[in-house]
Participant: 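One structure follows; several queries about it will come next.
Small disclaimer: the values here were computed from a predicted structure and weren't measured.
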Amino acid sequence: HLLTNLLIHIANVLLLFIVLLRTTGALWQSGFVAALFALHPFNVESVAWVAERKNVLSTLFWLLTIWSYVRFVEKPGPKRYVLTALFLMVGLMSKPMLVTLPFVLLMLDFWPLGRWRLLPESEKNNDLKEGEKFSKLIREKIPFFIIVVGSSIITFIVQKSGGALKAMEIHSLSTRISNAMVSYVTYLEKTFWPSRLAVFYPHPGDILPVWKTYFCLALLMVITLVAVQWIRRAPYLAFGWFWFLGTLVPVIQIVQTGAHAMADRYAYVPTIGLFIIIAWGLPDLLARWNHREKAPAVFAGLLIPLMVVTWNQVGHWKDSITLFKHAISVTDNKYPDIALTHNNLGIAQEEKGRLGEAIVQYKTAMKIRLDFALP
């Protein structure tokens with residue numbers, strides 16, 4: 001099962017490289033994005049956890065949808081359009097996270113496909129024509145939007161009937177929004193500094209400081225404003241940033257689906273947007289210092305520490321006991337409610353016959369939460 005997950009992940013890496021190379025023609029940048037995606041510690045959970053087959057599999061169909069769409073753009077025709085819709089539907093059946101993909105296709109029309117563009121003020125002699133072109137692209141994707149809306153309705157009904165949305169009754173909307181703002185910045189932080197990764201990040205509930213929520217919101221707004229301001233000079237910045245923001249929306253826990261605040265597996269697709277910003281932004285930055293030719297060496301230098309951290313992160317998935325002990329060690333001081341993690345460690349120890357150690361973990365879980373006791 002794990003080998004299958006790994007093979008699908010490798011297929012995703014190759015597909016990502018092919019799609020970026022075909023749409024941009026930039027060999028080094030496309031290869032660097034694919035390498036970051038292949039080696040980043042954030043993606044260990046999606047590959048090393050058998051139950052996350054749905055994550056790597058849905059991403060395979062995500063990338064196949066984009067690849068098919070690019071071929072449709074190159075040579076429009078009903079067969080290629082239907083194939084794109086088919087890949088989208090199969091991907092949604094693998095995991096509903098593909099609901100944002102039609103919006104990503106619209107962003108692809110802007111960059112790098114260039115099917116519509118923002119004209120400078122001096123060139124805006126025919127705004128109507130530009131608007132009609134964009135509206136045509138919207139109409140072109142209406143069937144895709146219908147598919148994802150239908151999938152969203154079905155998913156909501158199934159999740160609600162299965163009890164997965166009970167956490168929404170526990171946490172208020174304002175609490176969930178606060179957690180979402182902080183989680184966005186945490187995902188951003190762990191992408192650039194991948195440390196203290198865990199299999200479970202407990203939801204903080206109402207204890208998040210108000211200042212932290214507003215700080216994270218302000219930071220996100222500032223980055224968004226910069227991306228919009230630079231949209232003509234560096235379109236990859238807006239593309240990558242809105243890819244990151246948009247693809248996290250279904251899993252940012254505003255619609256709460258469990259006891260977690262965030263999860264490493266949720267970053268599998270969204271971080272691709274940040275990788276694109278890095279891959280295209282670094283050469284541009286080096287060009288300002290007349291060192292653009294050093295970009296490949298810089299790319300290689302960034303990958304080496306990632307490989308080391310990822311190798312170490314894979315080791316935490318040796319078995320359940322190792323996994324949950326590590327999760328406790330990296331979340332104990334930051335998250336007050338880690339009762340579930342202690343309980344899961346106790347279950348893992350009990351299954352190995354280590355009853356004394358298991359009892360200690362069960363008692364610890366109940367000390368953290370007086371009402372926490374599984375029958």
Participant: Is the distance from the ring center of H316 to that of F324 below 6.0 Å?
Facilitator: no

Participant: Could you report the tightest heavy-atom contact between Q253 and G258, atom names first, then the distance?
Facilitator: OE1-N, 4.1 Å

Participant: Any side-chain to backbone donor/acceptor pair from R53 onto H1? Under 3.5 Å, distance only.
Facilitator: yes

Participant: Using a 4.5 Å cut-off on heavy atoms from C-beta on, say whether the side chain of W62 contacts that of S94.
Facilitator: no

Participant: Between R115 and E140, does any NZ, NE, NH1 or NH2 come within less than 4.0 Å of an OD or OE carboxylate oxygen?
Facilitator: yes

Participant: Give the minimum heavy-atom separation between V330 and A198, together with the two atoms involved.
Facilitator: CG2-CB, 3.7 Å

Participant: Considering all heavy atoms of both residues, which atom of V33 and which atom of A279 are nearest to each other, and what is their separation?
Facilitator: CG2-CB, 3.4 Å

Participant: Hey, does V298 have a side-chain heavy atom less than 4.5 Å from the side chain of L286?
Facilitator: yes

Participant: Looking at P102 and F145, what are the two nearest heavy atoms and their distance?
Facilitator: CB-CE2, 3.7 Å

Participant: If you measure only the distance, is there a donor-acceptor pair under 3.5 Å linking the side chains of D319 and T322?
Facilitator: yes

Participant: Give the minimum heavy-atom separation between P76 and V73, together with the two atoms involved.
Facilitator: CD-O, 3.8 Å

Participant: Is the closest side-chain heavy-atom distance between Q29 and P283 below 4.5 Å?
Facilitator: yes

Participant: Check whether the ring centres of W243 and F239 lie less than 6.0 Å apart, and answer yes or no.
Facilitator: yes

Participant: Under the criterion side-chain hydrogen bond (donor to acceptor under 3.5 Å, both in side chains), which of T331, T186, D264 is the partner of Y201?
Facilitator: D264

Participant: Does the side chain of Y69 come within less than 4.5 Å of F72's, by heavy atoms?
Facilitator: yes

Participant: What do the steps show when you test F144 against Y81 for ring-ring contact (aromatic ring centres under 6.0 Å, His included), and what is the final call?
Facilitator: CA-CA 10 Å; F144 300 153; Y81 189 89; 4.9 Å; yes

Participant: Output, in order, the C-alpha distance, side-chain angles, deciding distance and verdict of ring-ring contact (aromatic ring centres under 6.0 Å, His included) for W241 and F244.
Facilitator: CA-CA 5 Å; W241 179 245; F244 170 72; 5.5 Å; yes

Participant: Do you know the tightest heavy-atom contact between I147 and A85?
Facilitator: CD1-CB, 4.1 Å

Participant: Side chains of N55 and R265: do they bring a donor and an acceptor to under 3.5 Å?
Facilitator: no

Participant: Less than 6.0 Å separating the ring centroids of W116 and W111?
Facilitator: no

Participant: Regarding D284 and Y236, do their side chains bring together a donor and an acceptor under 3.5 Å, going by distance alone?
Facilitator: yes

Participant: Pairing donors with acceptors under 3.5 angstrom, does anything connect the side chains of S68 and T84?
Facilitator: yes

Participant: Taking salt bridge (charged side-chain N to carboxylate O under 4.0 Å, His left out) as the definition, give me every residue that meets it alongside R80, ordered by chain and number, with sequence neighbours left out.
Facilitator: none

Participant: For the residue pair C216 and Y214, establish whether any side-chain heavy-atom pair is separated by less than 4.5 Å.
Facilitator: no

Participant: For the pair H40 and Y268, evaluate side-chain hydrogen bond (donor to acceptor under 3.5 Å, both in side chains) and give the outcome as yes or no after the intermediate values.
Facilitator: CA-CA 9 Å; H40 200 283; Y268 192 67; over 6 Å; no

Participant: Given the rule that I, L, V, M, F, W and Y join up when any side-chain heavy atoms are under 4.5 Å apart, are F215 and Y187 in one cluster?
Facilitator: no

Participant: Going by atom types only, do T59 and N12 share a side-chain donor-acceptor pair under 3.5 Å?
Facilitator: no

Participant: With distance as the sole criterion, is a donor-acceptor pair present between the side chains of E350 and Y362 under 3.5 Å?
Facilitator: yes

Participant: With side chain to side chain contact (heavy atoms under 4.5 Å, CB included) as the test, pick out the partner of S30 among T23, L20, I276.
Facilitator: L20

Participant: Taking K190 for its side chain and S195 for its backbone only, find out whether a donor-acceptor pair lies under 3.5 Å.
Facilitator: yes

Participant: Does the Q313 side chain pair with the main chain of W317, one donor and one acceptor, at a distance under 3.5 Å?
Facilitator: no

Participant: Any link between I254 and M221 through a network of hydrophobic side chains (Ile, Leu, Val, Met, Phe, Trp, Tyr) touching at under 4.5 Å?
Facilitator: yes

Participant: State whether R22 and E74 are salt-bridged, where the test is any N-O pair (Lys NZ or Arg NE/NH1/NH2 against Asp/Glu carboxylate O) under 4.0 Å.
Facilitator: yes

Participant: Test salt bridge (charged side-chain N to carboxylate O under 4.0 Å, His left out) on K141 and D109 and set out the steps.
Facilitator: CA-CA 11 Å; K141 293 167 186 62; D109 288 333; 2.7 Å; yes

Participant: Determine whether H203 and H171 satisfy the following criterion, ring-ring contact (aromatic ring centres under 6.0 Å, His included), listing intermediate values before the conclusion.
Facilitator: CA-CA 9 Å; H203 197 288; H171 303 299; 4.0 Å; yes

Participant: Keeping the roles fixed (side chain from S152, backbone from V148), state whether a donor-acceptor pair exists under 3.5 Å.
Facilitator: yes

Participant: Under 4.5 Å between any side-chain heavy atoms of I252 and S183, yes or no?
Facilitator: yes

Participant: On the six-membered ring of W67, is R71 placed so that its NZ or CZ lies under 6.0 angstrom from the centre and within 45° of the ring axis?
Facilitator: yes

Participant: What do the steps show when you test T175 against S178 for side-chain hydrogen bond (donor to acceptor under 3.5 Å, both in side chains), and what is the final call?
Facilitator: CA-CA 5 Å; T175 297; S178 296; over 6 Å; no

